[in-house]
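Following: one structure in structure tokens, then a few remarks.
Indexing begins at 1, ligand by ligand and atom by atom, following the structure's order.
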Amino acid sequence: MYAIKTEGLTKIYKDLTAVDNLNLAIEQGELFALLGVNGAGKTTTIKMLTCLTKPNHGDALINGNSIITDTNKVKNIIGVSPQETAVAPNLSVKENLELMCGIHGFNKEKRLSKIKELSNQFDLSAILNKRAGKLSGGWQRRLSIAMALISEPQILFLDEPTLGLDVLARSDLWDTIRALKGKITITLTTHYMEEAEILSDRIGIMKDGKLLALGTADEIKISAGKEKFEDAFVAIVTEAVKL
Ligand SMILES: Nc1ncnc2c1ncn2[C@@H]1O[C@H](COP(=O)(O)OP(=O)(O)OP(=O)(O)O)[C@@H](O)[C@H]1O
């Protein structure tokens, strides 16, 4: 069974088709990147897959569960780190993690063990009592990902995980994401070509709501007839090559 399978997934806002007949299948354990320039439809796709907004047409199956008819099941098996980070700025790092444990109804024992496990995994131990709003963007994002993992999701969605971060913070976060690779299915959106190429198993390139290319970075380079992934991306989105 695919982790994610979309069938003609479409979202229309008034006269704008934000996501246009998206057909995509993502394997279990895959790290998949949706790459595209601003307004390509990446966030709208993630919002539909995470049941935050309903499609106008089509459907998507998340581990076999429909985002339209099985929303509760879908919500139980996914974790989301949204573009606007879900971190509560006035709470400490620990309180943010506790809040998520509370939302998922963990008892004290489970809460303590989960916070310990994630603090170790994400290097948060030394900053547990710091106010989240005082952390740098990179650390807030790291906390946001840790929070998304509290429910032990089977599929993790990361919407623009490194948006606005400096080179070092981005590289740190790439290490964090790499460490999750293979353990869980990850779908991330990005407009950084390098991020998609370095991190993901496969990449889908979107523009104007449409999926223009799909494959590994190498496959995309070969089909576009370019040696560098960046050149392939530019050629595809400027429609210099039709795949
Ligand atoms: N709630 C909304 N109402 C109307 N139009 C919307 C809404 N949300 C998104 N759009 C439009 O849909 C299109 C796709 O937006 P979306 O945010 O999905 O793109 P994106 O690829 O995630 O871009 P970005 O990288 O800027 O986040 C854009 O033209 C956007 O303006």
Side-chain angles (χ1 to χ4, degrees), residues 4-26 30-60 62 67-68 71 74-75 78-87 137-138 140-141 144-145 148 155-167 169-170 173-174 177 185-200 202-215 217 220 224 229-230 232-240 243:
I4 299 171
K5 188 163 191 325
T6 73
E7 294 159 350
L9 197 65
T10 300
K11 181 74 188 180
I12 301 165
Y13 294 115
K14 288 191 182 155
D15 51 359
L16 177 98
T17 305
V19 177
D20 191 358
N21 193 26
L22 183 69
N23 293 300
L24 193 61
I26 298 174
E30 190 172 10
L31 198 162
F32 186 85
L34 264 183
L35 173 68
V37 292
N38 292 133
K42 307 179 297 290
T43 298
T44 306
T45 301
I46 296 284
K47 282 188 175 164
M48 286 191 281
L49 296 178
T50 56
C51 304
L52 284 174
T53 187
K54 278 205 185 306
N56 295 83
H57 306 290
D59 197 354
I62 309 291
I67 56 165
I68 297 171
T71 46
V74 171
K75 285 179 187 167
I78 62 169
V80 189
S81 172
Q83 197 171 114
E84 304 300 332
T85 144
V87 167
Q140 287 197 28
R141 205 59 214 228
S144 164
I145 298 174
I155 302 173
L156 177 65
F157 291 93
L158 306 174
D159 195 6
E160 298 270 10
T162 66
L163 185 70
L165 300 186
D166 64 36
V167 178
R170 181 169 302 151
L173 211 59
W174 285 350
I177 296 169
T185 307
I186 302 175
T187 298
L188 64 82
T189 71
T190 184
H191 58 253
Y192 298 115
M193 291 163 263
E194 194 191 359
E195 180 160 293
E197 187 181 14
I198 286 179
L199 283 182
S200 42
R202 281 190 313 146
I203 299 163
I205 296 180
M206 280 185 89
K207 189 191 174 196
D208 297 335
K210 290 194 176 66
L211 190 67
L212 300 184
L214 178 68
I220 290 173
F229 183 71
E230 192 176 328
F233 175 77
V234 171
I236 289 163
V237 297
T238 57
E239 297 185 64
L243 303 178

Quiz prompt | Residue pair Phe157 / Ile78, side-chain heavy-atom distance below 4.5 Å | solution =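 Result yes, sub-4.5 Å side-chain heavy-atom pair found.
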Quiz item: With a cut-off of 6.0 Å (strictly less than), are more than 12 heavy atoms of other residues, nucleotides or ligands near NZ of Lys207?
Solution: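 For Lys207, atom NZ is crowded (more than 12 foreign heavy atoms under 6.0 Å).
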Practice problem: Take atom NZ of Lys47 as the centre, draw a 6.0 Å sphere, and report whether it contains more than 12 heavy atoms from other residues, nucleotides or ligands. | Solution: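 No - once you tally the heavy atoms of other residues, nucleotides and ligands closer than 6.0 Å, there are 12 at most.
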Self-check item: Heavy-atom donor-acceptor pair, Ser144 side chain to Gln140 backbone, under 3.5 Å
Solution: no
Quiz item: Is it true that the side chains of Thr10 and Asn56 contain a donor and an acceptor less than 3.5 Å apart?
Solution: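 Per modelled atom types, Thr10 and Asn56 side chains form no pair under 3.5 Å.
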Quiz item: Contact residues of ligand 1 with a heavy-atom cut-off of under 4.0 Å?
Solution: Tyr13, Leu16, Ala18, Val37, Asn38, Gly39, Ala40, Gly41, Lys42, Thr43, Thr44, Gln83, Glu160
Quiz item: With sequence neighbours left out, what residues match Glu230 under side chain to side chain contact (heavy atoms under 4.5 Å, CB included)?
Solution: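 Applying side chain to side chain contact (heavy atoms under 4.5 Å, CB included) to Glu230 gives Met193.
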